[in-house]
There are 2 protein chains.
Amino acid sequence: MYSIQEVSKKTGLSAHTLRFYEKEGLLCHVERSPGGFRQYTDEDLEALGLICCLKNTGMSLQEITRFVQLTHAGEQTLKERVELLREHRENMIARIAEMQKYLDKVTWKVNFFSEKLRAYEEKQQREAQ
Amino acid sequence: MYSIQEVSKKTGLSAHTLRFYEKEGLLCHVERSPGGFRQYTDEDLEALGLICCLKNTGMSLQEITRFVQLTHAGEQTLKERVELLREHRENMIARIAEMQKYLDKVTWKVNFFSEKLRAYEEKQQREAQ
DNA sequence: TATTGACTTAGAGTAAACTTTAAGGATTAA
DNA sequence: TTAATCCTTAAAGTTTACTCTAAGTCAATA
């Protein structure tokens with residue numbers, strides 16, 4: 001059992017954000033202590049892990065909420081969930097490919113400017129003599 | 001020479017956004033026709049290509065503006081520009097690695113749910129008989 | 001017991017990057 | 001010439017995902 005602060009540290013999400021996620025239906029059924037404090041389980045942490053994974057790869061909170069709700073709706077939503085994840089996976093692959101393409105461009109630029117810089121510094125050297 | 005609409009089509013940025021970028025100092029010195037219409041050159045398109053590359057890999061417009069301003073300031077900013085690009089390149093590499101890690105996780109999830117779905121559908125089949 | 005830390009609701013504020021609107025006038029291509 | 005495109009300024013609106021505040025109460029830890 002983890003307090004909201006512990007979970008905040010583990011996930012990197014603020015306590016505010018954790019409560020916000022719960023209110024929005026991203027994370028459901030968080031247990032409470034007799035006094036009403038949230039007590040997160042390892043399962044909750046796992047769920048949060050998936051939420052962060054989807055979020056950090058470009059899925060909107062709205063879509064994540066949809067996915068979570070489907071999960072709670074039971075087996076008959078398995079097909080839709082698989083489709084949803086598959087599609088997201090395709091997007092991720094496309095995104096990685098795009099990033100790779102951009103990386104090549106930036107690498108080229110870095111080399112280009114580095115060479116220019118080298119030439120410039122050499123010129124400075126000569127002029128200083 | 002391209003009109004704002006042509007550039008909009010080529011870059012995928014709206015005419016509004018192109019004017020907005022110009023106002024913000026992201027793209028400077030766009031030529032004008034005698035009547036005052038913007039006339040983009042191939043160089044402008046190239047500059048826009050770099051802007052989109054940086055933007056789509058997570059650089060903020062503010063940082064991009066800074067880079068563009070440095071470029072206009074001449075050779076003595078070469079070092080800073082190289083540093084800026086190098087750092088961005090490191091971020092990109094880290095981001096791609098992170099995405100790859102998340103992709104593994106999502107792939108695992110897809111397979112896991114696919115298997116569950118297969119089992120579920122088999123069960124449905126049996127029950128239908 | 002004293003001091004943190006947690007709880008609630010409800011709403012306001014923030015940041016980025018656009019996007020839209022409005023109003024009126026000028027230019028360009030067919 | 002006429003329809004389509006472009007220009008300007010200035011400001012308001014949009015979206016997402018938080019982030020913060022307030023006010024008052026309650027719980028947990030040393």
Side-chain angles (χ1 to χ4, degrees), chain A residues 1-41 44-45 47-69 88 91 95 102, chain B residues 1-41 44-45 47-69 88 91 95 102:
Chain A
M1 295 298 203
Y2 312 97
S3 75
I4 199 163
Q5 281 310 326
E6 285 169 322
V7 175
S8 172
K9 264 174 212 148
K10 275 179 203 284
T11 60
L13 302 165
S14 74
H16 277 302
T17 301
L18 287 168
R19 291 194 200 100
F20 169 73
Y21 279 4
E22 200 178 325
K23 199 177 67 185
E24 297 285 299
L26 269 126
L27 189 64
C28 319
H29 319 306
V30 176
E31 278 184 58
R32 300 300 182 105
S33 73
F37 284 25
R38 286 175 183 78
Q39 293 189 308
Y40 294 86
T41 64
D44 292 329
L45 278 185
L48 280 170
L50 182 57
I51 288 168
C52 289
C53 166
L54 296 175
K55 189 193 69 166
N56 292 335
T57 52
M59 195 183 278
S60 69
L61 295 194
Q62 198 179 85
E63 286 172 295
I64 299 173
T65 303
R66 168 120 189 90
F67 181 79
V68 169
Q69 300 308 323
H88 185 60
N91 292 343
R95 180 79 183 116
Y102 281 133
Chain B
M1 298 296 203
Y2 312 96
S3 74
I4 199 164
Q5 281 310 327
E6 285 169 321
V7 176
S8 172
K9 265 173 212 150
K10 276 180 205 285
T11 60
L13 302 166
S14 75
H16 278 301
T17 301
L18 286 167
R19 292 192 200 100
F20 169 73
Y21 279 4
E22 200 177 324
K23 198 177 71 188
E24 298 286 297
L26 269 127
L27 189 65
C28 319
H29 319 307
V30 175
E31 280 185 55
R32 300 299 181 108
S33 73
F37 283 25
R38 287 175 182 79
Q39 294 187 308
Y40 294 86
T41 63
D44 292 328
L45 278 185
L48 280 170
L50 183 57
I51 288 168
C52 288
C53 167
L54 296 175
K55 189 192 66 163
N56 293 334
T57 52
M59 193 182 281
S60 69
L61 295 193
Q62 198 178 86
E63 285 172 296
I64 299 172
T65 303
R66 168 121 188 90
F67 181 80
V68 169
Q69 301 307 322
H88 184 61
N91 292 342
R95 179 79 182 116
Y102 281 134

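Below, read A as the first sequence line, B as the second, and so on, with proteins coming before strands; counting in each chain starts at 1.
Listed here is the closest heavy atom pair of B:Cys28 and B:Gly25: SG-O, 3.8 Å. For B:Leu48 against B:Leu13, the heavy-atom pair with the smallest separation is CD2-CD1, 4.2 Å. Closest approach of B:Leu61 and B:Tyr21 over heavy atoms only: CD1-CE1, 3.9 Å. Scanning both residues, A:Leu54 and A:His88, for their nearest heavy atoms gives CD2-CD2, 3.7 Å.
The distance from atom CD of B:Glu22 to atom C1' of D:dC7 is 12 Å, rounded to the nearest whole Å. When rounded to the nearest whole Å, the span between CD of B:Glu24 and P of C:dC18 equals 10 Å. As rounded to whole Å, 12 Å separates atom C1' of D:dA17 from atom NZ of A:Lys23. Between B:Arg32 atom CZ and D:dC7 atom P there is a gap of 6 Å when expressed in whole angstrom units.
Projected onto DNA chain C by closest heavy-atom contact, B:Gly36 and B:Leu61 fall at different nucleotides, the more 5' of which corresponds to B:Leu61.
In this structure, CG in A:Leu18 is found 8.0 Å from CG in A:Leu27, a value given to the nearest 0.5 Å.
Listed pair A:Gln5 / C:dG5 fails the phosphate criterion, with no side-chain N or O lying under 4.0 Å from OP1 or OP2. For B:Arg38, a side-chain nitrogen or oxygen approaches OP1 or OP2 of D:dC7 to under 4.0 Å. Between D:dC18 and A:Tyr21, a contact under 4.0 Å exists linking OP1 or OP2 to a side-chain N or O.
Using a 4.0 Å cut-off on heavy atoms, the residues of residues 51-60 of chain B that approach DNA chain C are B:Lys55, B:Ser60, listed by number. The stretch residues 6-20 of chain A comes close to DNA chain C through A:Arg19, each having a heavy atom under 4.0 Å from the strand.
The neighbour count for A:Glu24 CD, taken as heavy atoms of other residues, nucleotides or ligands under 6.0 Å away, is above 12. Applying the 6.0 Å contact sphere to CD of A:Gln62 captures no more than 12 heavy atoms from other residues, nucleotides or ligands. A 6.0 Å sphere centred on CD of B:Glu6 holds more than 12 heavy atoms belonging to other residues, nucleotides or ligands.
Side-chain atoms of A:Ser8 never come within 3.5 Å of backbone atoms of A:Ile4 as a donor-acceptor pair (strictly under, hydrogens ignored).
Distance from the side chain of B:Ser33 is smallest for C:dT27 among the nucleotides C:dA6, C:dC7, C:dT27.
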